[in-house]
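Quick notes on the structure that follows.
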Protein chains: 2
Amino acid sequence: MEDIVAQVMRQWQRVHPGLDTAPMAVIGRLNRCFLLIQQAADAPLREHGLTRSEFDILGALRRLDRELTPSQIARETFASGAAVTKRLRFLEERGLVARRPDDRDGRVSHLSLTGQGRTLIDRMLPEQVDYDASLLAGLAVERQRELAELLGELLLLLEGRPGVRAL
Amino acid sequence: MEDIVAQVMRQWQRVHPGLDTAPMAVIGRLNRCFLLIQQAADAPLREHGLTRSEFDILGALRRLDRELTPSQIARETFASGAAVTKRLRFLEERGLVARRPDDRDGRVSHLSLTGQGRTLIDRMLPEQVDYDASLLAGLAVERQRELAELLGELLLLLEGRPGVRAL
DNA sequence: AGCAAGTGTTTTACTTGTAAAGTATATGAC
DNA sequence: GTCATATACTTTACAAGTAAAACACTTGCT
C-alpha cells in the first residue's frame, strides 16, 4: 500500500519524467505527518481551552522551573515577541501565569506559573505525552527509535543553518 | 552534540523524573524539523509572489494534468473550501489559472492552468525540489532513504485514522 | 411538476499570527 | 550630566486561515 506522498511523486514523474523526486519522499512526508499529527494532537489541548502555543509557554515555564522574561519565552517557544505578548495577556487573564517587574531594569518583567497554572500543566503534560504515544503506537518501538534518531540527525543539521536557536 | 529537542527532554526529566519522554523524541523533532524546513523552503516561493498554499494549487493542477473543480483542489491540497475560494480568486486575478463553468451542473466550475501559470509552476518546481535537496544535503543518501521509508510507515499509519483523505 | 434533501461553492465573522512602528528604559561615550 | 544608540516589550495594521451560515443549483421522491 502506498501513502499519499508516494502517489503525488508518481504523478510528478508522469508529467516530468526527468525530475528527481527523492527530496519529496522526505520533505513531503514530513510535512504531511506534521499536519496530521498537529490536527490530532491539538484536540486534547482545546478541551482545556488552550492553543498549542499557549501550552508551549506553560511548558517552558514548567520545564525550566524558573521565572522567564517575555523574550526568553519567545526564544524558548520559537515565537515572535508580539505573539508572546498576546499569549501572556491571555494566560494572565486566565490566572495561569503571574507577572512581576524587574528590580533593576524597568523594561523587563518576569513571568512565573501560578499554582493554578502549574496544576494545569502538570495535568496536561502526561495526557499529551500519552496521546502522542498513542499516535505512534502502530510503529514498532525499534522503528520509533530509528525514526527519532534520524530526525535528530536532520534537526541538528537544520539547526546549523542561520535559523533560530534556543536559550 | 545535542539537538534542541533532546535538551527539552532532559529538562522535563529533571522536573518529572518518572515521565516517559520517548514520544517527544519523535513528535517534538518532527514538529521542529517541519518548522525549520517550512521557514527555509517558503523563501524561494515568496520571491515569485506566491504562498506555499497557492503553489500547492498550481502543483496539483500541473501534476494531475487536467482541470479540477474547487472541491477537488481542496481535497488535493488538504485545504478547506473557503481557503480554496480565496486562493483561486488570487490566482485568477494574477492570470495563473482560468475558470470555466460546467455544462451540466451550474454549481460547479473547472479550473485549469493558463499558459502563464504553467510556465510559472514548471519554472518553480525544479527550483523547489533543488532547494529541498539542499536542505537534506548534509545527510548521507542512505540515511535519507531510511528516513523517507520510516516517515512513509508513519504516514500510512496516520492516514488510517479518521483524518482527511486524498482524491 | 413540485418539493425536500443533498451537494458545491462562496461569504461572513472571527481567530491567530506577523512585520513594522511606537514606547519606555538602559548603557556608554563624551 | 546628557545625548546617541541599543534593548525589551507592546501596539497597530494587516495577512491568512477557519467554522458556520448563506446561496445556488441538482437530484430523487411523490
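Below, all heavy atoms of this structure are taken into account, side chains as well, without hydrogens, waters or symmetry copies.
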Single hit among His16(B), Gln7(B), Gln11(B) for side chain to side chain donor-acceptor pair (under 3.5 Å) with Arg63(A): Gln11(B)

Scan nucleotides 17-28 of chain C nucleotide by nucleotide, 5' to 3', and note B when protein non-hydrogen atoms come under 4.0 Å of the base, S if they reach only the sugar-phosphate, - if neither. BBB----BBS--

Round to the nearest Å and state the distance from [X] atom [atom1] to [N] atom [atom2].
{"X": "Leu68(A)", "N": "dA8(D)", "atom1": "CG", "atom2": "C1'", "result": "15 Å"}
{"X": "Asp56(B)", "N": "dG17(D)", "atom1": "CG", "atom2": "C1'", "result": "14 Å"}
{"X": "Leu88(B)", "N": "dA16(D)", "atom1": "CG", "atom2": "C1'", "result": "15 Å"}
{"X": "Asp42(A)", "N": "dT18(D)", "atom1": "CG", "atom2": "P", "result": "13 Å"}
{"X": "Phe55(A)", "N": "dT16(C)", "atom1": "CZ", "atom2": "P", "result": "17 Å"}
{"X": "Leu111(B)", "N": "dG8(C)", "atom1": "CG", "atom2": "P", "result": "15 Å"}

Between the side chains of Glu149(A) and Arg143(B), is the shortest nitrogen-to-carboxylate-oxygen separation below 4.0 Å, so that they form an ion pair?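 Here Arg143(B) pairs with Glu149(A) in a salt bridge, since their nearest N and O are under 4.0 Å apart.
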
Search all heavy atoms of Leu139(B) against all heavy atoms of Glu153(A) and return the closest pair with its distance.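 The pair with the smallest heavy-atom distance is CD1-OE1, 3.3 Å.
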
Could you tell me whether a side-chain N or O of [X] sits under 3.5 Å from a main-chain N or O of [Y], the two making a donor and an acceptor?
{"X": "Glu76(B)", "Y": "Ile57(B)", "result": "no"}
{"X": "Ser109(B)", "Y": "Pro101(B)", "result": "no"}
{"X": "Gln144(B)", "Y": "Leu136(B)", "result": "yes"}

Which residue, Glu92(B), Glu93(B), Glu67(B), forms the salt bridge (charged side-chain N to carboxylate O under 4.0 Å, His left out) with Arg99(B)? Glu92(B)

With respect to the phosphate group of dT11(D), does any side-chain polar atom (N or O) of Arg89(A) fall under 4.0 Å of OP1 or OP2? yes

Nucleic acid contacts of residues 92-99 of chain A, taken as heavy-atom distances under 4.0 Å to DNA chain D: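 Those residues whose heavy atoms fall under 4.0 Å from DNA chain D, taken from residues 92-99 of chain A in numerical order, are Arg99(A).
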
Taking ring-ring contact (aromatic ring centres under 6.0 Å, His included) as the test, write out the residues that go with Phe34(A), two or more places apart.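 Expected list: Phe34(B).
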
